[in-house]
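To keep things clear, I will list the structure first and then write my remarks on it.
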Amino acid sequence: MLLRIKPEDVEIGMYIHAFEGRWIDHPFWRNRFLVETPEQLALVRGAEVPHLFVDRARSRRATMANAAHGAGRSKYRASDEKDGPVSSGLPPADPLPTPDRIKPQKRSSYARERRRAAALVDKSKHAVFDMFEEARLGRAVEVAPLVPLAQSIGQSIERDSKALINLVRLKEKDEYTYLHSVAVCALMMNFARQLDLSESEVRDLGVAGLLHDLGKIAIADAILMKPGALERHERTVVENHPMAGFDLLAASADIPEAALDVCRHHHEKVDGTGYPDRLRGDQLSLYARMGAICDVYDAVTSNRPYKQAWTPCEALTAMQSWEGHIDRQLLERFADSLGIFPVGTLVRLSTGLLGIVIGSDGECAEDVVVRAFFDCDALDEFPPFDQSIAPSAEHPRIVGRDSPTFWRFDNWDATRHRILGS
């Protein structure tokens, strides 16, 4: 059960479920947390949002008993008390970090950040090219120059994650190998932040992205760029590249463990049919499973000699359907990190509407097309209409995926088919 209240009415012991309004109007990088300290309370009460939503079930009872007298019934969710607490379907958030760990929200315009990102991508491409050439000459990989490069990529992502990630998808065939490493670096860092990993892990996973395909220096260009199907011996050569890269990195100094792990295991599959070690399920670390998702996503959204690129929406829809290939729960979190979702996903818009993702649109297929059909305040459906939402959009924008169970769509498959006309 959610209560919609004003920021000044928040008390210690309340569990914040969501803020109303734009994310730049409050100082938190996490939307769901328990208010536990006076410092956190001051920040919540000072947030420049009209209202926020408190989860009664996850708040301290005494606090909510006091709040219930003045807050009234939530407009966000229609439910009687006898129904009990209803899950949002989202994973629980940890308590908010102490104020000294709260990161300021800085947002430059999408166009401005895209221009800055273009220069950074060009610089990164040349740095990765030089690293590959040094490795071809038999020289050890030096991590030191890669760390500030990964940090610069991370800073661009923090300013506007979509700018660099969308830009780096646009690769010419002769630069794929190098820009693929830059893309996986950006995707890994963005993903790591979505998972609330530590900044040292974010940095190491950025370096891992830059290094993960180093073993491709052992593959002839004729095989890498082959437009048709590979022969058996050619496939064997390709499948040896994770171990070739791992051996190169293991012989170098100061390589992060995360980079060694991702380099060796980014082609493993959760059902054990991947390579080189045929690991399955829990045998694969979080880093390896993240690496597999980021590597595949960038590969299928890039033009290759043997395949035209899929749009981000097409890619995530296909990846979701691959049985035994990747960690599906983790894939959902990856989609959340990009703000792009598979076709058929229920999402909430900043306008207070619910909609279903139906595809991509716009230049380079960067926009997400949503079929809106439900008003969260009126708790009622309306005639569906389609809306194309650009990555730079502030309002309306996609707030995130939502739970059909939370909104009591008892037969969600039937509802979705009816809305989509399929």
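These numbers come from the heavy atoms of this one structure, side chains and all, not from hydrogens, waters or symmetry mates.
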Task: Polar side chain donor-acceptor pair, Asp213 to His266, under 3.5 angstrom - done: yes
TODO: Decide whether Glu142 and Ser252 meet the rule of one side-chain donor and one side-chain acceptor closer than 3.5 Å.
DONE: no
State, to 0.1 Å, how close [X] and [Y] come at their nearest heavy-atom pair, and which atoms those are.
{"X": "Gly324", "Y": "Val270", "value": "O-CG2, 3.2 Å"}
{"X": "Arg328", "Y": "Gln320", "value": "NE-O, 3.1 Å"}
{"X": "Ile389", "Y": "Pro396", "value": "CG2-O, 3.7 Å"}
{"X": "Tyr287", "Y": "Ala258", "value": "CD1-CB, 3.7 Å"}
{"X": "Val143", "Y": "Pro256", "value": "CG2-CD, 4.3 Å"}
{"X": "Asp295", "Y": "Val184", "value": "CA-CG2, 4.0 Å"}

Open item on the list: So for atom CD, which belongs to Gln329, do other residues, nucleotides or ligands contribute more than 12 heavy atoms lying within a distance under 6.0 Å?
Closed with: no
Open item on the list: Tell me whether Asp130 at atom CG has more than 12 heavy atoms from other residues, nucleotides or ligands lying less than 6.0 Å away.
Closed with: yes
Considering only NZ, NE, NH1 and NH2 on the basic side and carboxylate oxygens on the acidic side, decide whether [X] and [Y] come within less than 4.0 Å.
{"X": "Arg139", "Y": "Glu134", "answer": "yes"}
{"X": "Arg114", "Y": "Glu366", "answer": "yes"}
{"X": "Arg264", "Y": "Asp277", "answer": "yes"}

Is any side-chain heavy atom of [Y] closer than 4.5 Å to one of [X]?
{"X": "Val368", "Y": "Phe341", "answer": "no"}
{"X": "Leu197", "Y": "Met290", "answer": "yes"}
{"X": "Leu195", "Y": "Leu286", "answer": "yes"}
{"X": "Phe382", "Y": "Leu353", "answer": "yes"}
{"X": "Cys313", "Y": "Val357", "answer": "yes"}
{"X": "Glu239", "Y": "Thr236", "answer": "no"}
{"X": "Asp402", "Y": "Phe374", "answer": "no"}
{"X": "Leu249", "Y": "Leu211", "answer": "yes"}

Assess the pair [X] and [Y]: is the distance between their ring centroids shorter than 6.0 Å?
{"X": "His212", "Y": "His180", "answer": "yes"}
{"X": "Tyr176", "Y": "Phe129", "answer": "no"}
{"X": "Tyr15", "Y": "Phe33", "answer": "no"}

TODO: Any pair with a residue in residues 219-230 that passes side chain to side chain donor-acceptor pair (under 3.5 Å), sequence neighbours left out, goes on the list, sorted by first then second residue, please.
DONE: Lys226-Glu234
Task: Atom pair CZ/CG of Arg401 and Asp336 - distance to nearest 0.5 Å - done: 4.5 Å
Open item on the list: Can you tell me how far apart CG (Leu279) and CD (Glu268) are? Round to the nearest 0.5 Å.
Closed with: 4.5 Å
Open item on the list: Can a donor-acceptor pair be found, under 3.5 Å and without considering hydrogens, that links the side chain of His265 to the backbone of Val262?
Closed with: no
- [ ] Give me the ring orientation class for His267 and His241: parallel if the planes are under 30° apart, tilted from 30 to 60°, perpendicular past 60°.
- [x] perpendicular
- [ ] Can you label the angle between the Phe409 ring and the Trp412 ring as parallel, tilted or perpendicular, going by 30° and 60°?
- [x] tilted
Task: All side-chain hydrogen bond (donor to acceptor under 3.5 Å, both in side chains) counterparts of Arg235, not counting sequence neighbours - done: none
Task: Listed partners of Arg136 passing salt bridge (charged side-chain N to carboxylate O under 4.0 Å, His left out), at least two apart - done: Glu133
Member of [options] meeting the side chain to side chain contact (heavy atoms under 4.5 Å, CB included) criterion with [X]:
{"X": "Ile419", "options": "Leu346, Ile356, Ile358", "result": "Ile356"}
{"X": "Gln387", "options": "Val369, Asp367, Leu349", "result": "Leu349"}
{"X": "Leu34", "options": "Met14, Arg58, Arg60", "result": "Arg60"}

